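Bear in mind the structure is a predicted one, so any value in this text is a computation, not a measurement. The analysis underlying the following values was restricted to heavy atoms, covering all of them including side chains, and did not include hydrogens, waters or symmetry mates. Throughout, protein chains are lettered first and strands after them, A, B, ... in sequence-line order, and every chain is numbered starting at 1.
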Amino acid sequence: MLKFLLRRLVLALLVLITVLTVSFTLTRLSGDVAVSMAGPTASQEDVETIRRAYGLDRPLPVQFLAWVGDAASGDLGRSYLYHAPVAGLIRDRLPITLTLGLTGLGIALIVAIPLGILAAMYEATILDRAIMMIAVIGQAMPSFWLGLSLVILLGLRLQWLPLSGVETWQGYILPGVVLAFSAIPALMRLTRSGMVDALSSDYIRTARAKGLTRARIVLHHALRNAAMPVVAVAAVQLGFMLGGSIVIEAVFSLNGVGYLAWESISKNDFPVVQSVVLFLATIYIALTLMADMLNALLDPRLRSA
Amino acid sequence: MTPEPLLEVADLRVRFGARVEAVRGVSLTVNKGETHCLVGESGCGKSVTALATMGLLARGAVRSSGRLRFAGQDLTNLSERELSKLRGDRMAMIFQEPMTSLNPAFTIGSQMAEVMQRHRKVTRAEAMERAGFLLFKVGITNPALRLGQFPHQLSGGLRQRVMIAMALMCEPELLIADEPTTALDVTVQAQILRLLAGFQRELGLGILLITHDLGVVARVAHRVSVMYAGEVVESAPASQLFANPTHPYTRGLLASVPVPGKIARGSRLGSIPGTVPRIGPGFAGCGFRDRCGHASEACAGPIAVQQAGPDHIYRCQLQASWPQDQAA
Amino acid sequence: MNLRRLFALLGLLIVGSTAIIAVFAPYLTPHDPFLQNLDGRMAAPFWLEGTVPGHLFGTDQLGRDYLSRLIYGARISLLIGTLVVICSGLIGTSLGVLGGYFGGRIDAVVMFVITCRLAIPLILVALTVVSFVGSSFTVVVLTLGLLLWERFAVVARTTTMQVRNLDYVAAAQASGASTWHILLREILPNIAHHLVVVATLEMALAILLEAALSFLGLGVPSPLPSWGLMISEAKDYMYFSPWVIMIPGVALFVLVLGINLLGDGLRDWLGAARDA
């Protein structure tokens, strides 16, 4: 168990370093940062001043190591746009993105798991087909368009929910639903296939032979085994959702980390962009690591290995 | 007048889809305190008969006709909910796959205790105590440790003993055991058989025992039914069957045992040339005729069930007195 | 006819007709999709009041014919989807087949690369690259193509592992066939049906991502009529005239749905495993 976790931890660190290197190289190779920062009207001297001020005149590996060293100690650099430390900018906006992501995941699980179970229980019937149709539709729905449509329908026409902003908790409902839509198909399919496997297994036949109630057979014996991969994928989906919240935050004008990233990208505020990439990758890696540990806790075979 | 049997199966038929009929009109009875052995090659419909009796057929298998009575109740009329109240309580089943029949996610103790908690008004602690007691009775040393363990921590033999103990949690009246001792070594097997016999004496337990093992049959069976291709081809009290096997298939089975007349422990059925045919609905005649040395034109027509002695029936067109020294 | 076949046919119908429309766009469009007419802006589509004859789906905020832009948008979506799938399919399949066939260290490296790719926030990095390089059709295709290969790699890897141990591969190895020959002639044809199904899924995803990038203003540059860009440019008017975002949105949804249905149908037909 300990060895397993240790190996996962080392792997996670390696992945993080690689992602860092790639994203750093990408941003640096794709253009001259100093030129784009200075703007189209700047003179050659202005560009040089900026280059020196931000240490962009140093060799790339030196810049990279300096940045990694600073990042490791919590210093993510300063935003050109806000003239403030990037770490603080992210920290201020994190609660919104995190709340949004967790709301989305919560809604997705509440919808996907019961539907997946139902589809598995009524495998190959009309009900199963209808439920799986939801997955296909969810997969085809462009999230930003769904967001705008819901704003028009529920916010403007019916006036049930706020159009944008998160001053009240209702503000999280629409973006949460839209975000959930992206995770529902995968979670539902996984729940269904896990439950189909579990329900046709020998231990379910044993449970039936023991005279257990249908509810206990499905929700206790089958779901417990089907849930293990769902937990892992739910964590990974949360990572994708936090990464994908950039679109949702733009649609609903939520001032979260995604919005910050979008703004910084459009304005070439590259310390912020780089830090958000680093930040989201770290969260994703931490989440997958957490999923591995949760799985190990849920599966007795892994726990004692 | 004879008392009503504990279990009465009459003209049971099970189909898989439209093409395969795995059980074709099986009839058998299990009396209180009696062990009825169901023998036959794999694929002959023994396990399907057992599952159909318990109402545990997998999706896709349909019981298309037949009468099932358990302790005076008609099982075919019961809803799944009513049936589930009987299962695990008054009728229990042991499966032949010890490696996969226990849920990997729960401890042995919780899986055993839940049977009793479902059917009796007991606390978890009381159910656990009973589970521990039964584990001890099936020969598991240190039951307290095993109760807290997960299936993957136990060997196949131990898991099979857990399955047996679990089936006995509520002191059932009928136990259907599908190859319960196949995974066990000979000493443990003897121990388990003694244990089941003990329960049988104590509780009047009726046992339907499905097995390949003629040694087991010789030791424990009161009555034996031989199945072939979804039919019972011969059924008789155990001593009768061994002394006077009448159906060519039964003779083939007994002849394939190394020492004639004497059944070695652990000997298996088999070594009759050919394989069991897959038979669909509407099949007429004897299913064994392609492998039988005595087959004639008449074997393709309807086969009558004949009497070879008191309480001894067989399904073959041959006379009961056909030359005894000839095997199939 | 059963439901699954019906859905698959529906998918084929959607994708097929969209493809025909895209190919023959210049002959089908009633107007020049780029021609502005500031006097005739925001004309309503035919089913609403305030419609203008000749503009079936109305006009946009710059007076361009919406139907013509929609038709050209199909071109962009399908072209981007196809090119991205070709690009990502090449990368992912090569990686997956190599890892699956050779196993050991090479497989460990392939798995590591896949894990790294999954840790990269897709939309964010795509946006960043496009913003630095400058948005153009080619940049969007290349960026998505270089990022969307992981499912190809995963499926190619697992299916190669299954195929690798089969008799005909062993026979080819025994007869002294070169590794290249085995990979291209024995392995690839036998995993191709799985890859075709992945290709449909990835194509749908690529089209959705292009639309999202364009919606955020960092995809296909204006005035190209990408459906995502049409929604983005029209969203200031959506409160008064919801149809401006409904028309391109429904088009996008229907096309992606069609591709997914076609993919499911192909999966049934080719016998490929779901998420293999």
*Heavy-atom pairs under 4.5 Å with chain B, option from A:Arg208, A:Arg214, A:Arg216 with the top count*: A:Arg208

*So which of B:Ser84, B:Cys170, B:Gly55 has the largest heavy-atom pair count under 4.5 angstrom toward chain A?*
B:Ser84

*N/O donor-acceptor pair under 3.5 Å between B:Arg118 side chain and A:Gly211 backbone*: yes

*Give a yes or no on whether B:Gln149 atom CD has more than 12 heavy-atom contacts from other residues, nucleotides or ligands under 6.0 Å away.*
yes

_Residues, nucleotides or ligands: over 12 heavy atoms within 6.0 Å of A:Arg91 CZ_ = no

*Measure A:Thr213 against the heavy atoms of chain B and call it side chain, backbone, both or neither at under 4.5 Å.*
both

*Going by heavy atoms in the side chains, are B:Leu51 and A:Arg205 under 4.5 Å from each other?*
yes

*Please state whether the side chain, the backbone, both or neither of B:Leu102 comes within less than 4.5 Å of a heavy atom of chain A.*
backbone

_Residues A:Thr206, B:Asn103; criterion side chain to side chain contact (heavy atoms under 4.5 Å, CB included); working and verdict_ = CA-CA 9 Å; A:Thr206 308; B:Asn103 193 326; over 6 Å; no

*What part of B:Met169 lies closer than 4.5 angstrom to a heavy atom of chain A: side chain, backbone, both or neither?*
neither

_Parallel, tilted or perpendicular, judged at 30° and 60°: which one describes the rings of A:His220 and B:Phe106?_
parallel

_Testing the basics here: between A:Arg224 and B:Ala105, what is the closest heavy-atom pair and its distance to 0.1 Å?_
CG-CB, 3.5 Å

_Which of B:Pro151, B:Ala167, B:Ser101 touches chain A most, by non-hydrogen pairs under 4.5 Å_ = B:Ser101

*Sort B:Leu86 into side chain, backbone, both or neither according to what part of it lies under 4.5 angstrom from a heavy atom of chain A.*
neither

_salt_bridge(B:Glu114, A:Lys210) N-O dist < 4.0 Å_ = yes

*Heavy-atom pairs under 4.5 Å with chain A are the metric here; pick the option from B:Met91, B:Gln117, B:His119 that has the most.*
B:His119

*Given side chain to side chain contact (heavy atoms under 4.5 Å, CB included), test A:Tyr203 with B:Gln111 step by step and report yes or no.*
CA-CA 10 Å; A:Tyr203 58 80; B:Gln111 295 190 55; 5.7 Å; no

*So what's closer than 4.5 Å to chain A heavy atoms on B:Met99: side chain, backbone, both or neither?*
neither

*What are the two closest heavy atoms between B:Pro104 and A:Asn225, and how far apart are they?*
CG-OD1, 3.4 Å

*Could you tell me which non-hydrogen atom of B:Leu56 sits nearest to which non-hydrogen atom of A:Ala209, and how far apart they are?*
CD1-CB, 3.5 Å

*For B:Phe136, look at atom CZ and say whether over 12 heavy atoms of other residues, nucleotides or ligands are found less than 6.0 Å away.*
no

*Side chain, backbone, both or neither: which part of B:Arg81 has a heavy atom under 4.5 Å from chain A?*
neither

